[in-house]
Amino acid sequence: VVQFAGLGAWQISRGLDKRAQQEAFDAQSGFTSWSDGVAVRPFQKLKVTGQFDTDRQLLLENIIVNGQVGYYVVTPLHVARDAPLLLVNRGWVAQSVPSEDPARIEVGSDRLTVLGRAGTLPRAGYRMGDAIPSTPGWPKQAVYPTLDDVTTALGEPVQAFVLLMDPDEDNGFVRQWVPEKMGPGRHYAYALQWFAMGIVLAGLLLWNYRKRGL
């Protein structure tokens, strides 16, 4: 019973977190200029100036959009000399068969300003094998890498957040940025189920003790 109650409370906590994420996402208005060393808030709208590293791009695989398998195109951005690279998620591209044409994801190398939101790399509940294979050549295919994985592959540090390119920006692909798909309502429903199971079990225990007492 205590475990069921604990699971219910945990789901409520997760629901409140998701609600806060959604509110933070909806509350952002206007783009703030960002430079290396400036702290950012989750989903904050940012304006960043830099130069894309066109020679070292990542293709994050196993990303499903509208029922179709594809990948996110992540391109490092040089924001300042000796500063960690800023990873820019330029959006989703449908998977090509049999292989990806590098020209499809090319982007200019001129210095430019990019608009977007502060976000993270996509995460998976479970991952098998290396996130980024240690094979030569770029772009590299990756399966749910962490920032540490990307740092190792690039051979230099990266910023602690990822810039999710704004849907109205050029040089991007399909971009439908939203907080985690599972909203707070689903967590509250799960919490109700856990609490209900705890109540039923508690009732069965009480009935059993009364029966023994009789």
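Bear in mind the structure is a predicted one, so any value in this text is a computation, not a measurement.
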Note to self: Could you check whether T54 and S109, counting side-chain N and O atoms only, form a donor-acceptor pair closer than 3.5 Å?
What the structure shows: no
Margin query: Between T152 and D149, do the side chains contain a donor N or O and an acceptor N or O under 3.5 Å apart?
Written below: no
Check: Between the side chain of R117 and the main-chain N/O of L164, is any donor-acceptor distance below 3.5 Å?
Finding: no
Notebook entry, point to check: Do D130 side-chain atoms and I132 backbone N/O form a donor-acceptor pair below 3.5 Å?
Noted result: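 Checking the backbone N and O of I132 against the side chain of D130, no donor-acceptor pair under 3.5 Å is found.
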Side-chain heavy-atom pair [X], [Y] within 4.5 angstrom cut-off:
{"X": "D110", "Y": "Q51", "result": "no"}
{"X": "R104", "Y": "V93", "result": "yes"}
{"X": "P139", "Y": "I105", "result": "yes"}
{"X": "L121", "Y": "V150", "result": "yes"}
{"X": "I63", "Y": "P122", "result": "yes"}
{"X": "N66", "Y": "Q176", "result": "yes"}
{"X": "D53", "Y": "L154", "result": "no"}

Using every non-hydrogen atom in the two residues, find where [X] and [Y] come nearest and quote the distance to one decimal.
{"X": "V74", "Y": "P76", "value": "O-CD, 4.1 Å"}
{"X": "L59", "Y": "Y71", "value": "CD2-CE1, 3.6 Å"}
{"X": "E169", "Y": "L115", "value": "OE1-N, 3.1 Å"}
{"X": "R90", "Y": "Q57", "value": "NH2-OE1, 2.9 Å"}
{"X": "Q141", "Y": "P133", "value": "O-CD, 3.2 Å"}
{"X": "A131", "Y": "P145", "value": "CB-CA, 3.6 Å"}

Note to self: Please evaluate residues N89 and V73 with respect to the criterion side-chain contact (heavy atoms from CB on, under 4.5 Å), reporting the C-alpha separation (whole Å), side-chain torsions for both, the decisive distance (0.1 Å), and the verdict.
What the structure shows: CA-CA 6 Å; N89 189 333; V73 179; 5.8 Å; no
Note to self: For residues L204 and F4: do they belong to one hydrophobic cluster (side chain heavy atoms under 4.5 Å, members Ile, Leu, Val, Met, Phe, Trp, Tyr)?
What the structure shows: no
Notebook entry, point to check: Does one hydrophobic cluster hold both V1 and M197, with members joined at side-chain heavy-atom distances below 4.5 Å?
Noted result: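 Yes, it is one cluster - the side chains of V1 and M197 are joined through contacts under 4.5 Å.
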Next item on the list: Apply the test side-chain contact (heavy atoms from CB on, under 4.5 Å) to residues L87 and L147: give CA-CA distance (whole Å), side-chain angles for both, the deciding distance (0.1 Å), then the verdict.
Entry: CA-CA 9 Å; L87 301 181; L147 292 177; 3.9 Å; yes
Check: Should the pair E61-K140 be classified as a salt bridge under the 4.0 Å nitrogen-to-oxygen rule?
Finding: no
Note to self: Tell me whether the NZ or CZ atom of K45 lies within the 45° cone about the ring axis of F31 and under 6.0 Å from its centre.
What the structure shows: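 Judged by the rule (NZ or CZ under 6.0 Å from the ring centre, within 45° of its axis), K45 counts as positioned above F31.
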Notebook entry, point to check: Is the distance between the ring centroids of Y72 and W92 less than 6.0 Å?
Noted result: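 They do not qualify: ring centres at least 6.0 Å apart.
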Notebook entry, point to check: L77: which other cluster members, linking ILVMFWY side chains closer than 4.5 Å, directly or transitively?
Noted result: W34, V38, V40, L46, V48, F52, V79, L86, V88, V107, L112, V114, F161, L163, M165
Checklist line | Reported CG-to-CD1 distance for the pair L192 and I199, which is rounded to 0.5 angstrom | finding: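 Here the rounded value is 8.5 Å.
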Margin query: If I take atom CZ from residue F43 and atom CH2 from residue W177, how far apart are they, to the nearest 0.5 angstrom?
Written below: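 With rounding to 0.5 Å, CZ (F43) is 11.5 Å from CH2 (W177).
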Note to self: For L85 and Q159: C-alpha separation, side-chain torsions, deciding distance, then whether side-chain contact (heavy atoms from CB on, under 4.5 Å) applies.
What the structure shows: CA-CA 6 Å; L85 294 168; Q159 300 288 344; over 6 Å; no
Next item on the list: Please check if atom CD in E156 has more than 12 non-hydrogen atoms from other residues, nucleotides or ligands closer than 6.0 Å.
Entry: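 More than 12 heavy atoms, drawn from other residues, nucleotides or ligands, come within 6.0 Å of this atom.
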Notebook entry, point to check: Please walk me through it: do T113 and K47 pass side-chain contact (heavy atoms from CB on, under 4.5 Å)?
Noted result: CA-CA 7 Å; T113 297; K47 179 169 57 176; 3.3 Å; yes
